[in-house]
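Chain identifiers are assigned alphabetically (A, B, ...) following the order of the sequence lines, protein sequences preceding nucleic acid strands; residue numbering begins at 1 within each chain.
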Amino acid sequence: MERRTRVRFAPSPTGPLHMGGVRTALYNYLFAKQRGGDFIIRIEDTDSNRFVPGAEAYIIEALNWCGIIPDEGVDGNGKVVEEASEKHPHAPYRQSQRRGIYRKYADQLVESGNAYYAFDTAEELNEARAACEAKGETFIYNQTTRMSLRNSLSMPESEWRPLLDSRTDWTVRFKMPENTVVAMDDMIRGHVEINTDTLDDKVLWKRADELPTYHLANIVDDHLMEITEVIRGEEWLPSLPLHYLLYQAFGWQDTMPRFAHLPLLLKPVGNGKLSKRDGDKMGFPVFPLNWLNSEGETYHGYREDGYFPEAFVNLLAMLGWNPGTEQEIFSMKELIEAFSIDHVSKSGAKFNPDKAKWYNKEYLRMKSDEELTDAFMPILASKGINEDYDKVKKIVALIKERATFVADFWDIASYLFVAPAEYAEKDANKFWKEENYTLALKVADFILAFDGEFTKESLEGPLEEYIRSNEWPMGKVMNCLRLALVGASSGLGIADIVTIIGKEEFARRIEAIKAKLC
RNA sequence: GCUGGGUUCGUAUAACGGUUAGUACCCAAGAUUCUCAAUCUUGUAAUAGGAGUUCGAUUCUCCUACCCAGUACCA
């Protein structure tokens with residue numbers, strides 16, 4: 001029987017979601033939407049010690065910004081659902097609120113002989129680890145050591161049974177079978193095998209906080225929530241055999257989800273996975289949104305750095321996946337159609353900030369002048385400039401191809417709003433020579449005397465004709481004027497600039513440079 | 001250390017036994033322009049190393065090297 005596709009993104013609210021996490025969520029989302037299935041959010045907060053306030057809201061807001069909208073687990077107000085309803089039948093979606101569910105599954109495993117109660121204290125285990133380390137060995141809680149430790153396998157029932165009630169620091173551990181080959185299939189990596197002798201008896205449930213660990217909670221919830229595919233980061237591959245074994249122990253192998261382990265996102269230079277420190281060090285964000293940590297440090301986000309969510313999603317999609325064609329620009333809709341696990345690569349992808357910027361530039365040029373103007377107006381206002389909307393729109397149309405971010409507009413075109421505060425020395429030395437500027441000033445007079453309509457179309461032709469007919473050097477003359485208008489030898493065509501700033505401002509700037517340089 | 005995963009230009013990747021090993025970003029050169037940017041054209045640059053299997057290996061197998069992950073009562 002064909003099951004409805006249901007995938008989940010299950011972050012732990014221990015801090016801001018970084019871009020690798022967003023990518024995992026994105027791939028899950030694309031996979032689900034392509035099959036008309038459900039994308040579910042589940043909050044894995046089983047470690048009360050690592051809980052970070054605000055992290056959960058951050059994660060949901062980040063996904064929302066990216067257009068990754070969950071079908072289940074989060075409601076329309078961006079809140080994690082706590083009460084079951086038709087749309088959210090598996091509520092609550094926060095594992096800390098599902099506490100009561102897991103205990104019986106842990107007990108079930110003990111009863112079926114797949115798990116046992118362990119009474120070793122943290123100190124005892126630390127000592128055992130230290131003792132092994134001193135001998136150059138690694139302590140491992142498994143078949144070779146478990147009988148010499150304190151648990152319901154090594155002690156008679158009469159002894160351990162009372163401890164269940166009298167102590168509150170025991171755990172339930174998985175009883176890893178001996179010398180068994182676990183054969184697994186991964187949608188990305190193919191067939192993988194491992195011998196259970198290399199694995200340990202993982203803690204599944206902790207009496208101390210009456211909460212499961214990741215492994216138990218994950219398997220139980222994926223089963224209960226009828227998850228069909230688990231698409232997660234590569235760091236989970238080593239625990240896949242345990243998860244397989246848990247499905248077997250519960251007798252759920254018929255509905256066990258398929259697994260796909262995604263390659264990691266690596267730092268741009270050097271080795272290792274992308275970490276939150278890399279970004280600010282290298283001048284690119286690692287997070288989707290700004291994040292203020294408890295020490296008062298702010299980590300940069302793509303949103304605040306001026307990236308469009310579409311560009312961010314697009315670049316993320318291409319980090320570890322390719323469409324098999326040469327298309328590089330994809331809308332979310334196109335991604336949903338084109339995405340395929342078959343084209344996800346096996347190896348980690350080094351993030352390339354240059355390519356990220358290129359993506360933003362491409363998206364910026366696809367935006368309408370109106371949308372860009374709307375974004376630019378507040379920036380202008382912050383510079384103390386209240387310019388007419390239509391005029392700003394005209395300017396935006398002229399400069400949008402030169403920018404990567406909307407925030408670049410000001411740097412590129414501030415001279416269209418305010419006179420240059422200074423003149424670039426290098427350019428001035430190069431162009432503002434007497435033989436040039438005497439001619440340039442004549443051209444300025446020509447422009448001031450021009451009585452036709454002041455538009456680029458009407459002005460440009462006659463202006464160039466005037467210079468040519470006098471056989472003056474076009475480049476030198478124009479750059480002298482540009483220096484006066486822009487403050488440097490870069491920027492738009494003279495006719496464009498003059499048209500935008502108008503005749504009066506043009507006159508003022510000519511006077512200003514005359515006073516300064518003549 | 002052990003276990004698992006990975007390895008094509010600097011980067012992201014294509015080529016799922018037969019190609020002059022393709023594309024994009026970056027970089028460089030040229031064209032264009034009144035400058036800059038944009039644009040266009042061109043260029044530099046890769047199958048980690050070694051054995052096999054095969055008529056033929058980037059592609060399959062093994063070994064080595066290197067990288068990554070896991071090795072918690074963290075996820």
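Put simply, A:Arg129 has a side-chain N or O that comes within less than 4.0 Å of OP1 or OP2 on B:rC73. Contact check, A:Arg365 against B:rU39: a side-chain N or O comes under 4.0 Å of OP1 or OP2. Checking the phosphate oxygens (OP1, OP2) of B:rU13, a side-chain nitrogen or oxygen of A:Ser345 falls inside 4.0 Å. Checking the phosphate oxygens (OP1, OP2) of B:rC73, no side-chain nitrogen or oxygen of A:Arg207 falls inside 4.0 Å. Between B:rC74 and A:Lys206, a contact under 4.0 Å exists linking OP1 or OP2 to a side-chain N or O. Contact between the side-chain N/O atoms of A:Thr213 and the OP1/OP2 oxygens of B:rA72 is not found at any separation under 4.0 Å. For A:Asn322 and B:rA14, the shortest distance from a side-chain N or O to OP1 or OP2 is below 4.0 Å. Residue A:Lys361 places at least one side-chain N or O closer than 4.0 Å to OP1 or OP2 of B:rA38.
Panel note: side chain A:Thr46, backbone A:Leu211; no donor-acceptor pair is recorded below 3.5 Å. At least one donor-acceptor pair under 3.5 Å links the side chain of A:Arg99 to the backbone N or O of A:Asp209.
Annotation: cation-pi pair A:Arg167/A:Phe119 absent, no NZ/CZ under 6.0 Å from the ring centroid and within 45° of its normal. Under a cutoff of 6.0 Å and an axis angle of 45°, A:Lys355 and A:Trp358 form a cation-pi pair.
For A:Glu362 against B:rC25, no side-chain N or O and base N or O form a donor-acceptor pair under 3.5 Å.
Residue A:Ala122 is in base contact, counting any heavy-atom pair closer than 4.0 Å across all strands shown. Across all strands shown, A:Thr171 has heavy atoms under 4.0 Å from base atoms, whether or not it also approaches the sugar-phosphate. Note on A:Thr138: a base of the nucleic acid sits closer than 4.0 angstrom, heavy atoms only. Within 4.0 Å (heavy atoms only), A:Asp427 reaches no atom of the nucleic acid at all. Within 4.0 Å of A:Leu492, counting heavy atoms only, lies at least one base atom of the nucleic acid. Heavy atoms of A:Thr46 sit under 4.0 angstrom from primed sugar atoms or phosphate atoms, though from no base atom. Counting any heavy atom pair closer than 4.0 Å across all strands shown, A:Gly475 reaches sugar-phosphate atoms only and no base atom.
One interatomic measurement links the two molecules: CG of A:Leu316 to C1' of B:rU13, which rounds to 16 Å at whole-angstrom precision. The separation between A:Phe284 atom CZ and B:rC26 atom C1' is 15 Å, rounded to whole Å. The nearest whole Å value for the distance from the CH2 atom in A:Trp432 to the P atom in B:rC34 is 20 Å.
Salt bridge annotation for A:Arg468-A:Glu464: present, with a cationic side-chain nitrogen under 4.0 angstrom from a carboxylate oxygen.
The side chain of A:Arg482 sits closest to B:rC34 out of B:rG5, B:rU11, B:rC34.
Of the residues near RNA chain B, A:Ile188 and A:Ser12, the one whose nearest nucleotide (by heavy atom distance) lies more toward the 5' end is A:Ile188.
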